[in-house]
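Every heavy atom of this structure was used, including side-chain atoms; hydrogens, water molecules and symmetry mates were not. Numbers restart at 1 for each chain; the letters A, B, ... are given by sequence-line order, proteins then strands. All figures in this text were calculated on a predicted structure; none of them were measured in a lab.
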Protein chains: 2
Amino acid sequence: MKARLNASRQRIIAAALGIMAEDGYAGCSVAAVAEQAGLATGSVYRHFPTKADLFAEVFRTASQREVDAVARAAALETTAAEQLAAVVETFAGRALQAPRLAYALLAEPVDPAVDAERLVFRRAYAELIAGHVAEGVASGELPPQDPDLTATALVGALAEAMVGPLAAGVAGPDTIPALIAFIHRALGVSP
Amino acid sequence: MKARLNASRQRIIAAALGIMAEDGYAGCSVAAVAEQAGLATGSVYRHFPTKADLFAEVFRTASQREVDAVARAAALETTAAEQLAAVVETFAGRALQAPRLAYALLAEPVDPAVDAERLVFRRAYAELIAGHVAEGVASGELPPQDPDLTATALVGALAEAMVGPLAAGVAGPDTIPALIAFIHRALGVSP
DNA sequence: TCAAGGATTGAATGGTGGTTCAATCCTTGC
DNA sequence: GCAAGGATTGAACCACCATTCAATCCTTGA
């Protein structure tokens with residue numbers, strides 16, 4: 001029974017994620033999520049007090065997955081330049097694989113309470129990047145700089161550069177290399 | 001009479017801007033705008049077919065004002081490095097003067113139709129920046145790069161770097177210089 | 001001064017979609 | 001087997017707010 005309850009909760013989150021990946025947040029009425037999860041509308045409220053709470057958790061889950069993937073890719077590299085290239089490649093590559101979801105997570109108009117979760121998401125990326133930047137600075141690979149400001153600005157640059165392609169549905173094949181070049185310059189990677 | 005009509009229209013836009021600067025888009029019910037403008041709710045609809053149309057125009061007006069101020073400041077400088085420093089200083093300085101309005105224009109959740117206007121806003125900044133970057137590249141002051149990608153990424157970086165301080169209500173005094181340093185690196189300005 | 005026609009009013013309307021809840025269905029422990 | 005208690009249902013509810021519109025008020029041209 002406990003297990004069944006927990007399974008329902010997971011099914012709701014999965015259903016919400018599925019609809020977000022398909023139709024974005026706009027398609028995510030509580031009724032639609034419940035139907036996709038194979039439950040009645042009201043049952044959703046046995047698991048989440050409000051819609052905003054549900055989607056805060058959905059965003060948290062999806063964001064964590066993204067951040068983890070990026071962190072894992074970066075951890076395979078050794079220099080800061082390579083680590084940050086991996087960040088860009090993974091972030092952008094995944095976004096282009098699931099553009100509707102990426103757009104929802106990055107930029108789609110959502111409930112303010114959910115929007116707050118987006119800040120956490122961006123903050124998590126910024127911290128990940130800041131760590132690699134700080135190491136690069138410490139080792140002398142990168143010039144002195146405020147790793148946190150650099151990281152924040154890079155997150156903004158990445159997101160902004162992806163929103164266009166995501167909205168258009170396609171990115172030119174050179175978007176990602178160009179972004180990596182930009183970011184290496186911004187970090188002060190010596191050529 | 002024509003004049004009175006036009007004056008009403010302007011009063012509505014000004015009222016909407018005032019409320020946005022005070023309480024953000026969230027505070028902008030049609031009733032509140034009408035009251036602030038000294039009109040009845042229904043009268044707003046003599047001037048704008050829908051709320052979205054009204055706020056599209058409000059965003060357009062406010063954005064144009066911002067972009068113009070930034071363009072004017074940049075035009076006073078001669079090198080690309082100085083021009084882009086002026087862009088950052090003006091953009092960030094104005095945002096910090098009117099943080100609630102800046103947040104509304106940059107990042108607050110709004111009606112999708114209004115959101116579209118925001119893209120135009122960001123695009124206008126990107127084009128302004130791209131122009132200066134292209135000149136810098138042409139003159140050899142900056143290394144070869146795709147001016148449009150650089151500009152888009154810089155707009156994102158600027159916006160992201162400002163959202164934190166705007167939400168917090170204050171920015172450290174060194175935020176702007178640090179941002180200028182970041183952007184100079186990202187452009188490849190030689191030290 | 002006075003009608004005609006447009007401007008103004010603001011309470012009523014309506015659509016949307018999140019939220020509730022009484023009825024029903026299961027599961028569980030005796 | 002069988003009640004008790006919690007889970008589930010989904011139609012009804014309700015709040016919010018953009019939008020409308022019949023009644024009223026002005027302005028204007030004669």
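- One can place CG of B:Leu5 at 12 Å from P of D:dT27, the figure rounded to the nearest angstrom.
- Under the 4.5 Å side-chain criterion, counting only non-hydrogen atoms from C-beta, A:Phe182 is in contact with B:Leu154.
- Put simply, CG on A:Leu54 is 10 Å from P on C:dT19, counting in whole angstrom units.
- Counting to the nearest Å, the C1' atom of C:dT19 and the CG atom of A:Leu39 are 16 Å from each other.
- Distance from the side chain of A:Arg46 is smallest for D:dT8 among the nucleotides D:dT8, D:dT9, C:dG10.
- Relative to the side chain of B:His47, the nucleotides C:dT8, C:dT19, C:dG10 differ in distance, and C:dT8 lies closest.
- Rounded to whole Å, atom P of C:dT8 lies 9 Å from atom CZ of B:Arg11.
- The two residues A:Pro143 and A:Leu187 come nearest to each other via the heavy atoms CD-O, 3.4 Å.
- Distance NZ (B:Lys51) to P (D:dA18): 4 Å, rounded to an integer number of Å.
- If you look at B:Phe59 and B:Phe55, their ring centroids are not closer than 6.0 Å.
- Considering only side-chain N and O atoms, B:Ser29 lies nowhere under 4.0 angstrom from the phosphate OP1 or OP2 of D:dC17.
- Here D:dT8 is the nucleotide among C:dT9, C:dT19, D:dT8 with the atom lying nearest to any side-chain atom of A:Ser43.
- Atom-to-atom, CZ of A:Arg9 to C1' of D:dA7 comes out at 16 Å; the value is rounded to the nearest Å.
- We find that CD1 of B:Ile19 is positioned 13 Å from P of D:dC17, with the value rounded to whole Å.
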Query raised in the report: Step by step, would you call B:Asp68 with B:Arg65 a salt bridge (charged side-chain N to carboxylate O under 4.0 Å, His left out)?
Result: CA-CA 5 Å; B:Asp68 285 350; B:Arg65 184 186 296 175; over 6 Å; no

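- Ranking D:dT19, D:dT8, C:dT8 by closeness to the A:Ser8 side chain, first place goes to D:dT8.
- Separating the CZ atom of A:Phe55 from the P atom of C:dT19 is a distance of 11 Å, rounded to the nearest angstrom.
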